[in-house]
Asker: 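Just passing along the structure, written as structure tokens.
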Amino acid sequence: MKENELKLSDELAIERTRLANTRTFLAYFRSSVFFLATGLSIIKINFFDDVSYLGWGFVVIAPLLFLLGLYRRIAVSRSINEMIDKSEN
């Protein structure tokens, strides 16, 4: 075994971190879909006319939340890859 090779436990830890990163992104995605659906429902249902501004707020927050999740996923993936590259060199 070479000195710069990763141990099996290290490889498994990296894979767990990647899976956690994916799971976190999916949570951001699920939340953004929830905000969008809730916002559109509040806007469309006449009973909620008094708080339709809240629906528009949810509709605006939904894509921002998705973009935040996407940004974090990409940033963490790059960070993981940089750590792997450092350990291999």
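Model, not experiment: these values are computed from the prediction.
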Asker: With clusters defined by side-chain heavy atoms of hydrophobic residues (ILVMFWY) lying less than 4.5 Å apart, directly or transitively, does F34 cluster with L26?
Answerer: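 No, L26 and F34 fall in different hydrophobic clusters.
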Asker: What's the spacing between D49 CG and I43 CD1 if we round to 0.5 Å?
Answerer: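 The distance works out to 11.0 Å.
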Asker: Keeping S79 on the side-chain end and A75 on the backbone end, is there a donor-acceptor pair under 3.5 Å?
Answerer: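 Side chain of S79 to backbone of A75: no pair is present.
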Asker: If we ignore angles and hydrogens, is there a donor and acceptor under 3.5 Å between the side chains of R73 and T22?
Answerer: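 Per modelled atom types, R73 and T22 side chains form a pair under 3.5 Å.
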Asker: Answer yes if L36 and L68 sit in the same cluster of Ile, Leu, Val, Met, Phe, Trp and Tyr residues linked by side chain heavy atoms under 4.5 Å apart, and no otherwise.
Answerer: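 L36 and L68: separate clusters.
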Asker: Taking the side chain as every heavy atom from C-beta outward, state whether I42 and F58 have any atom pair closer than 4.5 Å.
Answerer: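 They are in side-chain contact.
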Asker: With rounding to the nearest 0.5 Å, note down the distance linking CG in L12 to NZ in K7.
Answerer: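 The distance works out to 13.0 Å.
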Asker: Linking I/L/V/M/F/W/Y whenever any side-chain heavy atoms sit under 4.5 Å apart, do F25 and V33 land together?
Answerer: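 In one cluster: yes.
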Asker: Side-chain contact test, heavy atoms from C-beta onward, threshold under 4.5 Å: evaluate it for Y28 versus R72 and give yes or no.
Answerer: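 Yes, close enough: below the 4.5 Å cut-off.
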Asker: Hey, what do you get for CZ (R18) to CG (N81), rounding to the nearest 0.5 Å?
Answerer: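 The distance works out to 5.5 Å.
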Asker: Please report the C-alpha distance between R16 and N21 in whole Å, then the side-chain angles of each, then the deciding distance to 0.1 Å, and finally whether the side-chain hydrogen bond (donor to acceptor under 3.5 Å, both in side chains) criterion is met.
Answerer: CA-CA 9 Å; R16 280 192 306 272; N21 189 25; over 6 Å; no
Asker: Between L40, I61, V60, V59, which is the residue that forms a side-chain contact (heavy atoms from CB on, under 4.5 Å) with F35?
Answerer: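 For F35, the side-chain contact (heavy atoms from CB on, under 4.5 Å) check succeeds only for I61.
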Asker: Under a 4.5 Å cut-off applied to non-hydrogen side-chain atoms, are T17 and M83 in contact?
Answerer: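 No. Closest side-chain heavy atoms not under 4.5 Å.
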Asker: If Ile, Leu, Val, Met, Phe, Trp and Tyr residues are connected whenever their side-chain heavy atoms lie under 4.5 Å apart, and connections chain through other members, are F47 and V51 in the same group?
Answerer: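 Yes; V51 is reachable from F47 via cluster members.
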Asker: Out of curiosity, does L54 fall in the hydrophobic cluster containing I45 (side-chain heavy atoms, cut-off under 4.5 Å, transitive links)?
Answerer: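 Result: yes, single cluster for both.
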